[in-house]
2 protein chains.
Amino acid sequence: MKVTIKDIAKKANVSVTTVSRVLNNKPDVGDQTRTKILKLIEELNYKPNSVARGLVMQKTHTIGLIIPDISNPFFPQVARAIEDKAQKSGYSIIFFNTDNHLEKEKKAVELFKSKQVDGLIVSLSLGNEEILKELKAANYPVVQIDRSVFSNSYPLVSIDNKNSAYQMVEYMLKKGYKKIAHITGDLKTTTARDRLAGYKKALNDYQVEINEDYIIKGDYTQQLAFEAMQTLLKLKEPPTAVFAANDLSAAGVYKALFAAGLNIPADIAVAGHDDIDIASLLRPELTTMRQPKYSLGEKAVSVLLKMIDNYEAEVEAQILKTKLVIRESV
Amino acid sequence: MKVTIKDIAKKANVSVTTVSRVLNNKPDVGDQTRTKILKLIEELNYKPNSVARGLVMQKTHTIGLIIPDISNPFFPQVARAIEDKAQKSGYSIIFFNTDNHLEKEKKAVELFKSKQVDGLIVSLSLGNEEILKELKAANYPVVQIDRSVFSNSYPLVSIDNKNSAYQMVEYMLKKGYKKIAHITGDLKTTTARDRLAGYKKALNDYQVEINEDYIIKGDYTQQLAFEAMQTLLKLKEPPTAVFAANDLSAAGVYKALFAAGLNIPADIAVAGHDDIDIASLLRPELTTMRQPKYSLGEKAVSVLLKMIDNYEAEVEAQILKTKLVIRESV
DNA sequence: CTGAAAGCGCTAACAG
DNA sequence: CTGTTAGCGCTTTCAG
């Protein structure tokens, strides 16, 4: 059967305490005893049961990750960074996909609490401020990633979405485009709202009137962006450029444009946001704003670990920089 | 502080045993007592500690997932399916990236054992048969996904890679291509070896001589495929078609071809494998073999759960079908 | 229908 | 330097 600390103790003729001491590299163990025990551990291939350890230590060395969808190309790199960083620090990652579904987000939090994870990295939807309030009241370590649903509660690791969108639209404006449409992201998220705000601000600052027909609601998916673009094309006066809220949406725009026999950027210019892998693979290559996806993940973990180690420590939001990546589509 | 079963018991003036009974929906509890306890649980917002439960039940309702890299576009969909299916069955997923690194794979297994996960879904590299043998000896529930490193030990959920590659090459052959090169995947994996075998077999069956210069070792990454294609182009007699071991490699091939000012498929035809999202986004759209990624993940979980529930149950390998997706690149 | 007692595997005072 | 004791939060006989 499974070998436990007792087995080691018995075979070594010592108490479990002593075994526990060598397991945890504590002093106060005779050299002879120590080596004897170490040998036994080796021989019997004993591995401490971390569930038992977790129970007494009140610490599981596990982090819960709550994201909308790991198969959305933005998240794998973030998740990879999170797992890398966690791995290095001796933590494991349990992940949970929510599809931005409020009920699933709640379920995830309950699950993680019952699993006694040491902290949470979350990307929630607007409407779930309650969750964070409760967590906060219980002093649970949490960091928000990508989007914030309740900014004053927990540190956020993200980018300045408004400014990032602004930069892109400004670039388009400076290129001479005036009829710029915007396909939004899921407006249940702060990121989508902020990008929309950035788009509007840029137009305002450059004295270009905002045309509500040019703002179509999307949800960050290719499919909806495809349909949005079709709507845009049916306009009396179609736009000459479109800023898609993310690259996946830009890909949907590409498809609609190709289907209509239009050329990018000659007929209509297209910009995206995020710089996911496919951006440089699209033809023409997509002009977009690069998010430091890997860094976001790393930072989130380091901020969280700081909170875990010392809840009182001052942990600040980390707003990383995006970068305009000029390629061929604008 | 955290509310425990004891707190509930105390407030309800009953023993913890009774509370435990209602927690687990056991009979033999008076209606009055039950409702009283239920009310208290609600009021105090009590959630059972699953670490403690896991310790006594010897069951954590957790599955360990060992994959090379979640940010490789093939895996997110698989991972999503795994998490979905697990979630539905009350299990959580801890994931671990190994980069096909033998040491990391070992570390992952050790970690998961110490965490007492109920089972493992693994995608390992050749050279780590030992791991599986040990696991097997300990009767640990494991299912291999995508690739097998030790076929007779544990069930494999995957596709018939040899046959799949064969189909693609056969299609190219029938299209009239004779000078077909192959950029392999990472030959530390069975998938890459099988695809290579399928490629060779197709050429043989169609009496096309195998030209070793046309077989370039890759590792499933875009970068190496890019370089491989450059090598191919320098050949005295460059190929007229190339079968890349996966779509990511095909993307690398695209880049090299574009850089050389060549047209696809006019100058050189390109085929991939897997049908990841970008395949239909590339221009020209990529002809490839579709892997049922989501199904692979689902099946892996259901096979594993069967093993967990009853280790003796006969669980068979699941070899799913791939599908030739003809688009524009061949 | 209910409770007392034991124990899952481990750590942590406290003695000696 | 080492062992005894208690206990983490929960489930499970076994009595009553």
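A, B, ... follow the sequence lines: proteins, then strands. Residue 1 opens every chain. These values consider heavy atoms only, across backbone and side chains, with no hydrogens, waters or symmetry-generated copies.
The ring pair (Phe, Tyr, Trp, His ring centres under 6.0 Å) search around A:F95 returns B:F95, not counting sequence neighbours.
In this structure, the CD1 atom of A:I8 is 12 Å from the P atom of C:dT11, given to the nearest Å. Taking atom NZ of A:K59 as the reference point, atom P of C:dC10 lies 19 Å away to the nearest angstrom.
Taking side-chain N and O atoms only, A:T18 has a distance below 4.0 Å to OP1 or OP2 of D:dG3.
Ion pairing of B:D84 with B:R80 is present here, as a side-chain N (NZ or NE/NH1/NH2) and a carboxylate O approach within less than 4.0 Å. A salt bridge links A:K106 and A:E103; the closest N-O separation between the charged side-chain nitrogens and carboxylate oxygens is under 4.0 Å.
Within 4.0 Å of B:N13, counting heavy atoms only, lie sugar-phosphate atoms of the nucleic acid but no base atom.
Within the 3.5 Å criterion, the main-chain N or O of A:Y154 finds a donor-acceptor partner in the side chain of A:Q144.
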Contact pattern, 5' to 3', of nucleotides 8-16 of chain D - B, S or - by protein heavy atom under 4.0 Å: BBBSB----

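Rounded to the nearest 0.5 Å, atoms CZ (B:F96) and NZ (B:K107) are 4.5 Å apart.
Donor-acceptor pairing under 3.5 Å is lacking for the side chains of B:S92 and B:T62.
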